[in-house]
Asker: 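Pasting a structure below so you can have a look.
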Amino acid sequence: MGQSVDLRITTSEVQIFSKGSLIKRHIIFPSGIENGYRTDEKDMPKGTGYVEWDPDRIMRWARSIGPSTATVIERILGSRAIVEQSFNSALVVLRMTRRYTKEAIEKASGEALSKTNSPRYRHIKAILASSEESAEVKDNAAAAKGILKGAEYFASLGGDDNA
């Protein structure tokens, strides 16, 4: 299978040894830093055959939703020195199409762009959630109105609505 390696882990770095020789060092982020990347481009596999996603494919999906969404995704993809590090951030936005319509995502993307230069999932999700809550209130009001109409209809037939 693979080759065994030895690790030496300190408070500031991870060292990887093969047969007693140091082959790689990775600096550890100080505490308090979350979601940081320190990928060395030399450690990335050569070619694109290993990647299920690439920037072109992600951008095609974004453009299929609309121009505002494409702008959001383009800014997300441009936010990292190594573009692959931005794929998850971009895909989480695009996968919102599983729950929301393309129109809703496009509208939320446009609104997020008007509020910040670098919109992310959390911005768009908050906009969608607030519009979802107002839509839910509207749906509840419509449902209550429908119940009243149903009760009125039943009473017009001479029925007892307490039955």
Side-chain angles (χ1 to χ4, degrees), residues 1-140:
M1 206 172 244
Q3 172 183 337
S4 293
V5 295
D6 294 312
L7 299 178
R8 180 181 299 151
I9 303 171
T10 70
T11 56
S12 60
E13 71 179 0
V14 175
Q15 301 171 347
I16 305 168
F17 294 86
S18 176
K19 298 177 184 170
S21 296
L22 178 67
I23 58 173
K24 190 67 186 177
R25 286 187 151 135
H26 289 282
I27 304 299
I28 296 174
F29 281 112
S31 63
I33 295 179
E34 296 181 19
N35 301 320
Y37 291 97
R38 283 202 177 142
T39 304
D40 186 342
E41 288 190 61
K42 292 179 270 177
D43 293 336
M44 300 288 290
K46 302 296 179 231
T48 58
Y50 74 97
V51 178
E52 180 182 346
W53 290 97
D54 61 35
D56 291 335
R57 183 176 178 197
I58 292 170
M59 284 305 302
R60 277 194 306 275
W61 188 359
R63 283 189 294 272
S64 76
I65 296 171
S68 293
T69 305
T71 300
V72 167
I73 298 304
E74 184 176 20
R75 290 181 184 174
I76 290 172
L77 292 176
S79 68
R80 301 278 184 202
I82 298 173
V83 70
E84 288 84 358
Q85 293 174 342
S86 63
F87 286 3
N88 285 341
S89 297
L91 291 171
V92 75
V93 170
L94 297 173
R95 287 184 180 131
M96 287 194 295
T97 57
R98 293 176 180 166
R99 180 169 181 178
Y100 301 98
T101 65
K102 288 181 176 185
E103 295 78 14
I105 293 169
E106 176 64 9
K107 183 177 178 185
S109 294
E111 189 174 330
L113 284 166
S114 73
K115 294 178 180 180
T116 180
N117 196 35
S118 301
R120 297 288 187 262
Y121 169 80
R122 70 178 180 275
H123 301 114
I124 296 167
K125 177 65 178 161
I127 293 165
L128 289 167
S130 67
S131 65
E132 186 177 68
E133 287 170 10
S134 64
E136 190 174 288
V137 169
K138 289 177 188 173
D139 290 345
N140 288 341

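Throughout, numbering of the chain's residues begins at 1 and tracks the sequence.
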Asker: For residues 59-67, tabulate all N or O donor-acceptor pairs below 3.5 Å that involve a side-chain atom, not counting sequence neighbours.
Answerer:
from  : atom 1 : to    : atom 2 : distance (Å)
Ser64 : OG     : Trp61 : O      : 2.6

Asker: Among all residues two or more places apart in sequence or in another chain, which pass the side chain to side chain donor-acceptor pair (under 3.5 Å) test with Ser68?
Answerer: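 Partners of Ser68 under the side chain to side chain donor-acceptor pair (under 3.5 Å) test: Glu106.
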Asker: Are side-chain heavy atoms of Asn117 and Arg75 found at a separation under 4.5 Å?
Answerer: yes
Asker: Nearest heavy-atom pair of Ala90 and Ile76: which atoms, and what distance?
Answerer: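 The pair with the smallest heavy-atom distance is N-CG2, 3.7 Å.
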Asker: What are the two closest heavy atoms between Leu113 and Pro119, and how far apart are they?
Answerer: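 Between these two residues, the closest heavy atoms are CD2-CG, 3.6 Å.
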Asker: Can you list every pair that meets ring pair (Phe, Tyr, Trp, His ring centres under 6.0 Å) and has a residue in residues 89-117, with sequence neighbours left out?
Answerer: none
Asker: Could you list all the salt bridge (Lys or Arg N to Asp or Glu O under 4.0 Å) pairs where at least one residue sits in residues 9-29, not counting sequence neighbours?
Answerer: Glu13-Arg25, Lys24-Asp40, Lys24-Asp43
Asker: Step by step, would you call Leu94 with Ile105 a side-chain contact (heavy atoms from CB on, under 4.5 Å)?
Answerer: CA-CA 9 Å; Leu94 297 173; Ile105 293 169; over 6 Å; no
Asker: Quick one: closest heavy-atom pair of Val5 and Ser18, and the distance?
Answerer: CG1-CB, 4.5 Å
Asker: Could I get the full list of side chain to side chain donor-acceptor pair (under 3.5 Å) partners for Arg95, not counting sequence neighbours?
Answerer: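 Per chain and number, Arg95 pairs via side chain to side chain donor-acceptor pair (under 3.5 Å) with no residue.
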Asker: Which pair of heavy atoms, one from Val83 and one from Leu77, lies closest together, and at what distance?
Answerer: CG2-O, 3.6 Å
Asker: What are the two closest non-hydrogen atoms of Ile124 and Ser109, and how far apart are they?
Answerer: CD1-OG, 3.8 Å
Asker: I need the minimum non-hydrogen distance between Ile28 and Thr10, along with the two atoms involved.
Answerer: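 Minimum heavy-atom contact is CD1-O, 3.3 Å.
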Asker: Taking the side chain as C-beta and beyond, is there a heavy-atom pair between Leu7 and Ile16 under 4.5 Å?
Answerer: yes
Asker: What is the distance from atom CH2 of Trp53 to atom CG of Asn88, rounded to the nearest 0.5 Å?
Answerer: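 Going from CH2 on Trp53 over to CG on Asn88, the span is 11.0 Å.
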Asker: Which salt bridge (Lys or Arg N to Asp or Glu O under 4.0 Å) pairs, counting each pair once, include a residue from residues 111-125, with sequence neighbours left out?
Answerer: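 Qualifying pairs: Glu111-Lys115.
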